[in-house]
K.L.:
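Take a look at this one; I'll ask things after.
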Amino acid sequence: MSSDTISVSRAVNGLRGTITVPGDKSISHRVAILGALARGSMQVSNYLCSEDCLNTLRAMQQLGAAVTPTDSPQNFILMGTSMQPVAPARDIDCGNSGTGMRLMAGVLAALPFASRMYGDPSLSKRPMKRIIDPLGQMGARLTACGEKPGCAPLAIEGGKLTPIRYELPMASAQVKSAVLLAGMLTEGTTAVHQPAITRDHTERLFAHFGIPCRVSADGLDIEVDGPAVPVAKDIVVPGDISSAAFWLVAATVVPGSEVCLRHVGLNPTRDAVITVLRRMGADISLSNVQREGEPYGDITVRTAAHLRGTVVEKHEIPNLIDEIPVLAVAAAFAEGDTVIRNAAELRVKESDRIATTVGNLRSMGATVQEFEDGMVITGGAPLHGAVMDSYHDHRIAMGFLMAGLNADGETTLLNCANINTSYPGFEEHLRTLTR
Ligand code: S3P
């Protein structure tokens, strides 16, 4: 469990050492969902045992999937339901996870029973209309019952759906995946068109589980033929590049650093944080890269000789959306301006990440201009420690602890417990690398 308040000061000896970050969050959710519907059993290795993904796994157990740990909690045998899930006996708790709730909505909407999902106060404020609309077009009966209109809890009256061709109004892998998962359970061909490339874990896992799915050459159009039953097949979840990103930034900015991150996912729809940091002057090298299925490899990062600002391109935004808070921290240490625009989606994450990132950067003394869809950071001046809120947002907590490792004085982050939603063991890694 993460502490609720975490303090750091300058890492005077740099960050040094080798760590293995926990499994990928996006892939873990999808493995639990597809494995739970699958025919047969599979060995899942390196599942992310964070609160978010454990909630999804527990939900799948409520639907009848069986989980038998092997040598450690992140390695288990998942026995699927052969597409014969049972109605959950209780309401499904999605905790803090928008991904869990939105992906499961796609599945539950197409199953022949009623269910209900709820989440914590942050999740209960996040928009669900974005999945209710397309699933509604498929004939799903989904009601947002939250105090805030269009928000969780979600009441689902599951049943037979009809396929659609859906034009995504925003670049969202969660919405894309909710429609594709519903499509997998629906007779006919369900198609989505996305305005930009978003993480393609669902499509890759469809291939892994033998679900008939086609992706256009430009990656923007995806079709799935249903109904299809996933066929269980062993899987190893690679490390989460979004968790690795914290150390990529810290080791880049803190003098005297050299960190090796082992077995990190390098899916090309997720690796723009490396591209952008390298463009800024970061010293990042890859080794032992495997390109089959979900690509992964080892990453070595050393302190950058010189870091300069950059413009994050529009097409890069969905690829590094979760890394923007920590990228903004890197930008504060880079000479010149870093421009991050076209990122209004940040406003509806676990916190309003434009407001929380800009506010915290300013409290450390950085110069930042806020825009409705992003920010411009003018970096290069030293940062000072501060007491800051993480707004119960794991990525804000970890991002600003990284800033504190290169700031004068002490940096304290409040309300950090949600680090556990994505990165169990974070504090131990922090101690290991700054020892
Ligand atoms: C995710 C997609 C992204 C990302 C989230 C995980 C996924 O959200 O921010 O952390 O696993 O599909 P959006 O689809 O809302 O962009």
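The analysis underlying the following values was restricted to heavy atoms, covering all of them including side chains, and did not include hydrogens, waters or symmetry mates. We count ligands from 1, going down the list as the structure has it; atoms in each ligand are counted the same way.
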K.L.:
Is there at least one pair of N or O atoms, one from R395 and one from ligand 1, spaced under 3.5 Å apart?
P.N.:
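N/O-N/O distance below 3.5 Å does not exist for this pair.
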K.L.:
My understanding is that we take every heavy atom of each candidate and find the minimum distance to atom 13 (P) of ligand 1. Doing that for K349, R126, R270, E345, which one comes out nearest?
P.N.:
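Considering heavy atoms of K349, R126, R270, E345, the nearest to atom 13 (P) of ligand 1 sits in K349.
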K.L.:
Side chain or backbone of H29 under 4.0 Å from ligand 1, or both, or neither, by non-hydrogen atoms?
P.N.:
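Answer for H29: neither.
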K.L.:
Report, in ascending order of atom number, the atoms of ligand 1 lying under 4.0 Å from any heavy atom of R199.
P.N.:
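Matching atoms, with element in brackets: 1 (C), 2 (C), 4 (C), 6 (C), 7 (C), 11 (O), 12 (O).
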K.L.:
Hey, would you say the Y423 and H429 ring centroids sit under 6.0 Å apart?
P.N.:
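Judged by ring-centre distance (under 6.0 Å), Y423 and H429 do meet the cut-off.
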K.L.:
Quick check on contacts: which atoms of ligand 1 are under 4.0 angstrom from a heavy atom of S172?
P.N.:
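Per the distance check, 13 (P), 14 (O), 15 (O), 16 (O).
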K.L.:
Given K176, R102, Q174, E350, which one has a non-hydrogen atom that is nearest to atom 1 (C) of ligand 1?
P.N.:
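When every heavy atom of K176, R102, Q174, E350 is considered, Q174 comes closest to atom 1 (C) of ligand 1.
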K.L.:
Are R279 and E316 close enough, and set up right, to give a salt bridge (Lys or Arg N to Asp or Glu O under 4.0 Å), and what steps lead you there?
P.N.:
CA-CA 13 Å; R279 201 156 73 219; E316 291 173 323; 2.7 Å; yes
K.L.:
What residue and heavy atom of the protein are closest to atom 10 (O) of ligand 1, and at what distance?
P.N.:
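Going atom by atom, the protein heavy atom closest to atom 10 (O) of ligand 1 ends up being D322 OD2, 2.7 Å.
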K.L.:
Quick one: sort the Y47 and F76 rings into parallel, tilted or perpendicular, breaks at 30° and 60°.
P.N.:
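Rings of Y47 and F76: perpendicular, over 60°.
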K.L.:
Is it true that T421 and N418 share a donor-acceptor pair across their side chains at a distance under 3.5 Å?
P.N.:
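No, no side-chain donor-acceptor contact under 3.5 Å.
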K.L.:
Does a side chain donor of either S122 or H392 reach within less than 3.5 Å of an acceptor in the other side chain?
P.N.:
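No pair is found: no donor N or O on one side chain lies under 3.5 Å from an acceptor on the other.
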K.L.:
Are E345 and R353 within salt-bridge range, i.e. N to O under 4.0 Å?
P.N.:
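No, this pair does not count.
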K.L.:
Consider only side-chain N and O atoms of N415 and S390, and report whether a donor and an acceptor are under 3.5 Å apart.
P.N.:
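Looking only at side-chain atoms, S390 and N415 do not form any donor-acceptor pair under 3.5 Å.
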K.L.:
Suppose I only count heavy atoms of I321 and a 4.0 Å limit; which atoms of ligand 1 are within that range?
P.N.:
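The atoms of ligand 1 under 4.0 Å from a heavy atom of I321 are 9 (O).
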K.L.:
Keeping to residues at least two apart or across chains, list the side chain to side chain donor-acceptor pair (under 3.5 Å) pairs with something in residues 21-39.
P.N.:
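Every pair satisfying side chain to side chain donor-acceptor pair (under 3.5 Å) with a residue in residues 21-39: D24-R270, S26-R199, H29-T56, H29-S97, R30-S177, R30-T202.
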K.L.:
Of the backbone atoms (N, CA, C, O) and the side-chain heavy atoms from C-beta on, which set of R30 has a member under 4.0 Å from an atom of ligand 1: side chain, backbone, both, or neither?
P.N.:
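The answer is the side chain of R30.
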K.L.:
Return a yes/no value for A173: is any of its N or O atoms, backbone included, closer than 3.5 angstrom to an N or O of ligand 1?
P.N.:
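N/O-N/O distance below 3.5 Å exists for this pair.
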K.L.:
In the protein, which heavy atom is nearest to atom 6 (C) of ligand 1, and how far is it?
P.N.:
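Nearest neighbour among protein heavy atoms for atom 6 (C) of ligand 1, to 0.1 Å: T99 OG1, 3.4 Å.
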K.L.:
Test your reading of the structure: does S26 have an N or O sitting under 3.5 Å from an N or O of ligand 1?
P.N.:
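Between S26 and ligand 1 (N or O atoms, distance only) the closest approach is under 3.5 Å.
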